[in-house]
Amino acid sequence: MAVLADASAESLNPFITGAVEPGSTVITDAWQGYSGLRSLGYTRERRSQRAARARGEDPGELLPNVHRVAGLAKRWLLGTHQGSVDEAHLPAYLNEFVFRFNRRSSRSRGLVFYRVLELAAGHDPVRFRDLLAGKKPRPAPATWGLGHPPTLERPAANRPWRTGDLQLQLPIPLRLSKYPREELMT
């Protein structure tokens, strides 16, 4: 799987030549972006969804594995990652999905773990700065001064307990300078 700029022949042809053995039969839908495959040395088997509908067939049955993989990838990105995948990291997530998908029916889960360790041991070290897609731009400094921006200016809340005027608002005056012990004892 790969992230392509668009579905034009200029984007599809380099992906196909890099991923498919020359001389292979490529089964596609009727999209015109695949029309130049014969000149690249591939045999194209075209399956038209429109023609399948006209024949009364289910168009989803033409390329069932393609639709299944695309649906699983979408569900995985939305479910596991909650749709929070940065565009710069999407190729790495797709590589992980392909790794998991290709090993989904492995008979020995221990060998899958062994293969992951083998791949990790043969890989160069990855530092945190290598994981970053790019520096995020910092927001411009505030120009309105301290406090809230002008759009959020609001009047001060009525909080009498934060002021010294608390005694004036109570019906009974409080004397906070001394404790009236004598009055309580009698």
Subject >> R44 atom CZ, neighbour heavy-atom count above 12 within 6.0 Å >> reply: yes
Original post:
Under a 4.5 Å cut-off applied to non-hydrogen side-chain atoms, are L12 and L4 in contact?
Top reply: yes
Original post:
Any idea which heavy atoms bring P22 and Y42 closest together, and the distance?
Top reply: CA-CE2, 3.7 Å
**OP:** Measure the acute angle between the ring planes of F97 and W76, then classify it against the limits of 30° and 60° as parallel, tilted or perpendicular.
**Re:** tilted
Original post:
CD/Q49 to CD/E57 distance, rounded to the nearest 0.5 angstrom?
Top reply: 12.0 Å
**OP:** Report the C-alpha separation of L119 and F99 in whole Å, then their side-chain angles, then the decisive distance to 0.1 Å, and conclude whether the side chain to side chain contact (heavy atoms under 4.5 Å, CB included) test is met.
**Re:** CA-CA 11 Å; L119 290 171; F99 181 85; 3.7 Å; yes
Subject >> M1 and P91, any side-chain heavy atoms less than 4.5 Å apart >> reply: no
**OP:** For Y34 and N13, indicate whether the former's side chain and the latter's backbone hold a donor-acceptor pair under 3.5 Å.
**Re:** no
**OP:** May I ask you to test the E45-T28 pair for a side-chain heavy-atom distance under 4.5 Å?
**Re:** no
Original post:
With the 4.5 Å side-chain cut-off for hydrophobic clustering, are L78 and L72 part of the same group?
Top reply: no
Original post:
Can you check whether V3 reaches L94 side chain to side chain, under 4.5 Å on heavy atoms?
Top reply: yes
**OP:** Scan side-chain atoms only and decide if Q82 and S84 contain a donor-acceptor pair under the 3.5 Å cut-off.
**Re:** no
**OP:** Would you check if there is a donor-acceptor pair between the side chains of T43 and R38 at a distance under 3.5 Å?
**Re:** no
Subject >> Taking every non-hydrogen atom, the tightest pair across D6 and S11 >> reply: OD1-OG, 2.7 Å
Original post:
Got a sec: does the CZ of R127 have more than 12 other heavy atoms crowding it under 6.0 Å?
Top reply: no
Subject >> Same cluster (ILVMFWY, side-chain, under 4.5 Å), I16 and W31 >> reply: yes
Subject >> Close side-chain approach of R47 to I27, heavy-atom, < 4.5 Å >> reply: yes
Original post:
Is R46 close to D29 at the side-chain level, that is, under 4.5 Å between some pair of heavy atoms?
Top reply: no
Original post:
Under 3.5 Å, is there a donor-acceptor pair between the side chain of R68 and the main chain of N65?
Top reply: no
Subject >> Backbone N/O of P14 and side chain of T17: donor-acceptor pair under 3.5 Å >> reply: yes
Original post:
Do you reckon V69 sits in the same ILVMFWY cluster as L77, going by side-chain contacts under 4.5 Å, direct or chained?
Top reply: yes
